[in-house]
Amino acid sequence: MFTRSICTTSIAILSSRALAQYISLSPATTVPSGASNYVDPSFAGFGIEPSNLFSFTGGDDTNTFSVQLLQNLADYAGLPAHIRLGGNTQDYMIYDASQTQYKWTANTNSRAQGVIAADSMIIGPAYFKALDRFPKGTPVTFGLNMAYIDNDWEDRIVKMAQGAVDGMKNVKLYSFEVGNEPDLWLKNSFRSAPWTGQTYTTQFLDRCAKLYERVLKPANLPSAFFEPPATASTIGTTFEIAQLVDDGIMTGRDGNNFMTAWNQHDYFYFIGVTPTPLTLDDLMDLDATNTQFAYWEKQVKAALNTGLPYVLREMSSVGPIGMPGVSDTFGASLWTLNFFMYAATLGIQSVQMHMTANSNASAWQPIPMYGSDTSFVRPQYYAHAAVAQLIGNGNGTTQISVLKTSNVGATYSGRIRAYAAYAKDNLQALVLINSKLAEASQDKGSFTFNINLGSANANKDVFLSYLTADGGDSQKGVTWNGLSYDDITGQSNVADATVNVVTADGQGKVSIPIRDSQAIVANIGWQLGVNLVLKPDPTQSKKSSAATTSMPGASNAVYTSIMAIIVALAMVVAR
Ligand SMILES: *[C@@H]1O[C@H](CO)[C@@H](O)[C@H](O)[C@H]1NC(C)=O
Ligand SMILES: *[C@@H]1O[C@H](CO)[C@@H](O)[C@H](O)[C@H]1NC(C)=O
């Protein structure tokens, strides 16, 4: 028995050693070359399909659920998330000032061309009143109808643009997209041949020139207010950035330059277009994201070389409207967190994750659908919350740099990502992702990140914020930083008040194990999300060096004010 017992023990030790997987990382303690610029607080945004706007804003009554979910992110990041109001349906819409309903109406006199006619929907002033319910200052890229080409096209597009300029009072009109995915316009009969990047460029500039003269200039807005080309695919088309530059798109007209950014679209996977099948495990292989996006990486470089920003205004895990069991799971939330970090490191200025009312890839379900009699939050939203808190943590100075994690062995190949976040030029946080799929019902392994934070961070407390759920396949029960979001009100609740702290050793080293299908943001010095108004001064109070301490069960705002009282007391005592 004795022998056997020893034998069992040593097998256990051996096998746990064999399974102990880890990586050692030494991020630079000040911003390294190759890090992103300051990440725009509105960076991690959303696209909304124009025909579905009222599902998100509400019609006659405000959809307070959507508004609260957007407000949470604005509170975290410091500014509201950037919204792109665009998609196929922008090219079906005409503006009529006498249409005052909180819904779009069908045009019974539709005469325009197109498989779905370019004048089939009518919107009016209520469209912008509804949009104005979103958080104050929300930057909006508005998609204009370029498909419409009847003789009165100029008046039509001017009316729509004027409606947008006049109608957005609480939110902020940021730019115009002119036409959605023109590279597909031969297929949907919006145009007949010849239709190429060259003809598109001419027609784009025709519209920009009229819109500047008649709408932007009178409103004291600049001519550089437009984002071309908003293509569905750049690969093998005549709409690539270099081609459009050759076509003269940057030259503008009459001394006016119209370009403010290069706008492209992508999806990780598109049902009916991507030839191979897709499983949740495939989505969670993060190497596949790099492979899928490789061509866009080249476009980003080409864009930045022209001196203009690159914006990814339509993106998602699965298009056109998601895939149940994949895009609506916690695994998709981990994919989203990684995608935002990856996009930031490429120098992409803004990313909009596309939403429709019926998409299983929308970050939230704004109206009841799919067997639920209420609205609800999808796991993806929790990744937006994580990114917003990470960005807000740097108060406008957050920069992201990717750490090399390619050498993690076969078991974790493609499943491990690490990013360093800098604030005010110094190492501030680490985003650590373990996207190895472990389902809720399965036993889960873990992967350890051994991180050398440098002697500047010796003996410092590092606060761990978890993006977690029971498993990669979970659709409910997700938390970020101990918070969950209510399916009716959109407000945050404290689901887990534990404050997780590890203390760096005398050389600045910490060891952070992360369960399979989980991510952690490790922030040096304070818990993420509590410092926008207050950064606790570490010299004021000596915190427990225990790995885990408990924080009072309270909302973030309450916790912040409790911290304010504690620090105020500490200051009184110090005096
Ligand atoms: C969305 O997911 C639900 C299950 O939650 C499913 O019934 C529905 O068919 C899905 N919709 C689409 C368009 O895939
Ligand atoms: C955040 O930045 C603004 C200016 O960029 C500054 O006025 C403010 O004090 C900063 N807040 C904190 C908490 O550092």
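Because the structure is a prediction, the values reported are computed rather than measured. In this chain, residues are counted from 1 in sequence order. The basis for the numbers below is simple: all heavy atoms, side chains too, and nothing from hydrogens, waters or symmetry mates. Counting starts at 1 for both ligands and their atoms, in listed order.
Residues Asp487 and Lys476 are paired through a salt bridge, judged by an N-O separation under 4.0 Å between the basic side chain and the carboxylate.
For atom 7 (O) of ligand 1, the closest non-hydrogen atom on the protein side is Tyr370 CD2, 4.3 Å. Nearest to atom 4 (C) of ligand 1 among the protein's heavy atoms is Pro324 CB, 4.2 Å.
Considering backbone and side-chain atoms together, Asn358 places no N or O closer than 3.5 Å to any N or O of ligand 1.
Interface of Lys424 with ligand 2, defined as ligand atoms under 4.0 Å from a residue heavy atom, comprises 14 (O). Taking a cut-off of under 4.0 Å to the non-hydrogen atoms of Asn360, the atoms of ligand 1 that pass are 1 (C), 2 (O), 3 (C), 8 (C), 10 (C), 11 (N), 12 (C), 14 (O).
One distance of note links CG of Asn180 with CD of Gln90; it measures 4.5 Å at 0.5 Å rounding.
Relative ring orientation between Tyr342 and Phe339 is described as perpendicular, the plane-to-plane angle rising above 60° on a 0-90° scale split at 30° and 60°. Classified by interplanar angle (parallel below 30°, tilted 30° to 60°, perpendicular above 60°), the ring pair Phe46/His384 is parallel.
Residue Asn395 holds the heavy atom nearest to atom 6 (C) of ligand 2 of all those in Asn395, Thr397, Asn393.
The residue from Glu49, Glu177, Glu227 that alone fulfils the salt bridge (charged side-chain N to carboxylate O under 4.0 Å, His left out) condition with Arg84 is Glu177.
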